[in-house]
Engineer: 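Dumping the structure here so I can ask a few things about it.
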Amino acid sequence: MPELPEVETVRRGVEPHVLGRCIVAVTVRDARLRWPVPTDFAAFARGQRIDAVSRRGKYLIFALNGGDRIIVHLGMTGRVLVLDADHPVVKHDHLDLQLDNGRLLRYHDPRRFGAVLPWPKAEAGHVLIDALGPEPLSDAFSGDYLYRRSRNKKAAVKTFVMDGQIVVGAGNIYAAESLFHAGIRPTRAAGRVTRAEYARLADAIRAVLAEAITQGGTTLRDFAGADGASGYFQQDLYVYGREGQPCRVCGTAIKGIRLGNRASCWCPGCQR
DNA sequence: CTGTTAACCTGAGTGC
DNA sequence: TGCACTCAGGTTAACA
């Protein structure tokens with residue numbers, strides 16, 4: 001479910017409710033996430049104060065006052081909700097952080113592809129974070145960067161920009177949408193896309209992600225912000241999920257194929 | 001090394 | 001109503 005804009009929407013929704021709050025209790029109902037929640041996680045988190053909530057790619061990072069951190073990834077169906085402490089527990093509510101203000105942070109994830117992991121102060125880096133590519137909304141990300149990294153690569157350009165080691169945050173929806181706005185077919189070999197095209201693509205990725213954040217993300221099925229609210233970017237989709245429908249720009253029927261086991265849509269009229 | 005595929009898991013939707 | 005099947009916003013381990 002969540003690509004960068006959805007994770008950023010969750011971060012912004014959670015932050016005001018948890019900053020400066022202490023974790024007074026931890027409940028782990030099901031530790032079987034993508035990686036098991038360690039058995040000592042409750043002891044790790046209990047009694048610590050949350051001093052910051054940041055995001056790296058699709059990872060949320062809760063910074064604790066002692067220098068430890070908690071990493072949260074939402075996988076495909078994960079949610080982080082801010083609820084009152086007595087809120088009823090439903091199926092797939094796997095983990096709670098109870099706060100000292102009568103509220104709790106609840107991790108809910110039907111498919112359990114997500115993760116909640118400790119990141120101790122003693123470990124400077126983290127294996128899930130260290131190899132990530134640049135943030136697409138930072139200065140380190142540019143068309144020239146994509147051009148450099150893509151030389152001699154035969155993989156499809158859509159697969160290339162969805163690779164978190166190249167750039168973080170662009171998943172199946174926003175990769176497809178960005179390629180549409182840049183006028184590039186998703187099937188093109190990454191190494192054959194020109195410098196000028198990558199300049200357009202980098203601009204498109206930045207613009208699409210920024211606009212999606214403004215809209216509170218894209219809600220198709222599962223996604224909700226920390227307050228349970230839906231996003232609105234689905235109204236701005238040009239190709240994702242529109243196979244067979246007329247292009248909103250040129251009227252050509254949107255085509256669909258599979259690339260790396262992911263559904264991929266593009267407009268034969270607008271994308272070359 | 002690069003590139004592709006299967007796997008992890010549950011639920012929703014479709015077609016018979 | 002039930003069953004079999006497909007698909008889903010992510011990521012990585014195991015292959016070729």
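Every heavy atom of this structure was used, including side-chain atoms; hydrogens, water molecules and symmetry mates were not. A, B, ... follow the sequence lines: proteins, then strands. Residue 1 opens every chain.
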Engineer: Hey, does A/F223 have a side-chain heavy atom less than 4.5 Å from the side chain of A/V10?
Structural biologist: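 SC-SC contact between A/V10 and A/F223 confirmed.
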Engineer: Looking at C/dA14, which nucleotide sits across from it as a Watson-Crick or G-U wobble partner, both distances under 3.5 angstrom, or is there none?
Structural biologist: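 Pairing partner, where one exists within any strand: B/dT4.
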Engineer: For A/K58 and C/dG10, is the shortest distance between a side-chain N/O and OP1 or OP2 below 4.0 Å?
Structural biologist: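 The answer is yes; a side-chain N or O of A/K58 sits under 4.0 Å from OP1 or OP2.
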Engineer: Considering Watson-Crick and G-U wobble pairs with both distances under 3.5 Å, what does C/dG9 pair with?
Structural biologist: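 The answer is none; no pair meets the criterion.
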Engineer: If you check every side-chain atom of A/K153, which of B/dT2, B/dC9, C/dG9 has the closest atom?
Structural biologist: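 Of all the options, the side chain of A/K153 is nearest to B/dT2.
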Engineer: Would you mind classifying the nucleic acid contact of A/N261 as base, sugar-phosphate or nothing, using non-hydrogen atoms under 4.0 angstrom?
Structural biologist: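 The residue A/N261 makes base contact.
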Engineer: Find out whether A/D236 and A/Q215 are in side-chain contact, i.e. whether some heavy atom of one side chain is under 4.5 Å from a heavy atom of the other.
Structural biologist: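 Yes, their side chains come closer than 4.5 Å.
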Engineer: Can you tell me if the side-chain N/O atoms of A/H73 get under 4.0 Å from OP1 or OP2 in C/dT11?
Structural biologist: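 Looking at the OP1 and OP2 atoms of C/dT11, one of them is under 4.0 Å from a side-chain N or O of A/H73.
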Engineer: Distance criterion of 3.5 Å, no angle test: do you see the side chain of A/R111 paired donor-to-acceptor with the base of C/dG10?
Structural biologist: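 By the distance-only test, no, there is no pair.
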Engineer: Under a plain distance cut-off of 3.5 Å, with no hydrogens placed, do A/R149 and A/Y145 share a side-chain donor-acceptor pair?
Structural biologist: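 On atom types as modelled, these side chains qualify, holding a pair under 3.5 Å.
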Engineer: Expressed as a whole number of Å, how far does the P atom of C/dG9 sit from that of B/dG3?
Structural biologist: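 After rounding to an integer number of Å, I get 23 Å for this pair.
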Engineer: Roughly how many Å is it from CZ in A/R112 to C1' in C/dG10, rounded to a whole number?
Structural biologist: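 Atom-to-atom, A/R112 to C/dG10, this comes out as 16 Å.
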Engineer: To the side chain of A/A155, which of C/dG10, B/dG3, C/dA8 is closest?
Structural biologist: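 Nucleotide nearest to A/A155's side chain: B/dG3.
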Engineer: Do we count A/F223 as stacking onto C/dG9 if the rule is ring centres under 5.5 Å and planes under 30°?
Structural biologist: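 Base of C/dG9: not stacked against A/F223.
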Engineer: Indicate whether A/F113 forms a stack on C/dT11; treat it as stacked only if centroid distance is below 5.5 angstrom and interplanar angle below 30 degrees.
Structural biologist: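 Here A/F113 fails the 5.5 Å or the 30° condition.
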Engineer: Could you check how far CZ of A/R258 sits from P of B/dG3, rounded to whole Å?
Structural biologist: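 Answer to the nearest Å: 21 Å.
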Engineer: Quick one: is A/Y240 getting a side-chain N or O under 4.0 Å of the C/dG9 phosphate, OP1 or OP2?
Structural biologist: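 Yes.
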Engineer: Is there a side-chain polar atom (N or O) of A/R262 under 4.0 Å from OP1 or OP2 of B/dT4?
Structural biologist: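 The answer is no; no side-chain N or O of A/R262 sits under 4.0 Å from OP1 or OP2.
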Engineer: Round to a whole Å and report the spacing from CZ of A/R149 to C1' of B/dC1.
Structural biologist: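 Value for this atom pair: 14 Å.
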Engineer: Hey, does A/R34 reach any base, or is it just sugar-phosphate, or nothing, if we go heavy atoms under 4.0 Å?
Structural biologist: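 If one applies the 4.0 Å heavy-atom cut-off, A/R34 turns out to touch a base.
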Engineer: From CG of A/L4 over to C1' of C/dG9, roughly how many Å is that when rounded to an integer?
Structural biologist: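 Distance check: A/L4 CG to C/dG9 C1' gives 13 Å.
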Engineer: Look only at the side chain of A/D130 and the backbone of A/G125, and say whether a donor-acceptor pair between them is shorter than 3.5 Å.
Structural biologist: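 The answer is no, because no donor-acceptor pair under 3.5 Å joins these two groups.
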Engineer: Would you say A/T27 and A/L104 make side-chain contact, with heavy atoms under 4.5 Å?
Structural biologist: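 No, every pair of side-chain atoms sits at 4.5 Å or beyond.
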Engineer: Name all residues meeting the salt bridge (Lys or Arg N to Asp or Glu O under 4.0 Å) criterion together with A/R221; count only those two or more places apart in sequence or in a different chain, and write none if there are none.
Structural biologist: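 None.
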Engineer: In whole angstroms, how far is the P atom of B/dC9 from the CG atom of A/L74?
Structural biologist: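 So the two atoms are 19 Å apart, to the nearest Å.
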Engineer: Calculate the interatomic distance between A/W35 atom CH2 and B/dA7 atom C1'; express it in whole Å.
Structural biologist: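 Result: 13 Å.
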Engineer: Taking atom P of B/dG11 as reference, at what distance in whole Å does atom CG of A/D109 sit?
Structural biologist: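 So the two atoms are 11 Å apart, to the nearest Å.
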Engineer: If you compare every side-chain N and O of A/H92 against the phosphate oxygens of B/dG11 (OP1, OP2), does one of them come in below 4.0 Å?
Structural biologist: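 Answer is yes, contact under 4.0 Å.
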Engineer: Which value, in whole Å, describes the distance between the P atoms of nucleotides C/dT12 and B/dG11?
Structural biologist: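 It works out to 24 Å between them.
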Engineer: Under 4.0 Å: is that the gap between some side-chain N or O of A/K91 and OP1 or OP2 of B/dT10?
Structural biologist: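 A/K91 to B/dT10 OP1/OP2: no side-chain N or O under 4.0 Å.
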Engineer: What is the distance, rounded to the nearest whole Å, between atom CE of A/M76 and atom P of B/dA7?
Structural biologist: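 That distance rounds to 16 Å.
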